[in-house]
Amino acid sequence: MYKKLDLDDLPSEPMTLHGFRTMASTFLNGFGWAKDVIECELAHLEENESREAYNRAMYAPERRLMMQWYADALDAVKAGRDITPVPENIKNMHR
């Protein structure tokens with residue numbers, strides 16, 4: 001899996017997929033993204049939960065912006081560049 005994700009330079013300790021979710025949540029919360037938008041993006045659903053219990057379209061525009069920002073931020077970290085701050089108007093969309 002490390003090869004597939006181009007993460008060969010990570011420490012030898014294994015990282016689970018849940019660890020990636022935890023890392024994303026910590027990172028996004030730390031940079032001030034709205035908690036509801038983060039949780040909507042990272043939420044798990046059991047197969048047997050009703051469709052009405054969770055609407056995957058909720059916050060779709062904000063989630064797209066957030067995930068693109070996150071991808072750009074990870075690229076910046078990998079390249080040793082500064083992370084672009086989250087614009088205040090976006091951070092405060094759902095507070």
Side-chain angles (χ1 to χ4, degrees):
M1 177 185 252
Y2 289 141
K3 199 64 127 171
K4 182 83 171 157
L5 296 173
D6 192 23
L7 300 174
D8 292 326
D9 55 345
L10 285 178
S12 61
E13 299 163 11
M15 185 165 181
T16 64
L17 293 177
H18 187 73
F20 283 106
R21 181 192 184 281
T22 301
M23 179 179 72
S25 177
T26 301
F27 196 87
L28 294 167
N29 276 292
F31 276 89
W33 286 92
K35 290 177 184 2
D36 289 344
V37 177
I38 296 168
E39 287 309 309
C40 188
E41 181 65 26
L42 301 176
H44 304 316
L45 272 187
E46 296 298 319
E47 262 186 59
N48 62 356
E49 289 189 44
S50 93
R51 193 176 289 172
E52 291 77 34
Y54 189 70
N55 180 354
R56 293 296 290 177
M58 209 157 120
Y59 306 122
E62 297 90 336
R63 289 171 42 217
R64 277 188 212 98
L65 288 170
M66 180 181 70
M67 295 311 292
Q68 184 59 61
W69 178 91
Y70 184 54
D72 294 343
L74 293 177
D75 287 344
V77 168
K78 187 173 182 177
R81 298 186 316 262
D82 290 338
I83 297 171
T84 303
V86 180
E88 289 300 318
N89 63 325
I90 293 174
K91 282 195 331 188
N92 296 316
M93 287 174 105
H94 292 283
R95 295 197 180 272

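Treat the numbers as computed from the prediction; the structure is a model and nothing was measured. Numbers for residues simply follow the sequence, beginning at 1.
- R63 places a side-chain N or O within donor-acceptor distance of the main-chain N or O of M58, the cut-off being under 3.5 Å.
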Per-pair distances, 0.1 Å, donor-acceptor, side chain in residues 64-72, under 3.5 Å, sequence neighbours excluded:
residue : atom : partner : partner atom : Å
Q68     : NE2  : D72     : OD1          : 2.9
W69     : NE1  : T84     : O            : 2.7

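- I83 contributes atom CD1, which lies 4.0 Å from atom CZ of F31 (distance to the nearest 0.5 angstrom).
- Listed by chain and number, the residues in a side-chain contact (heavy atoms from CB on, under 4.5 Å) with S25 are N29, I38, E39, L42 (sequence neighbours excluded).
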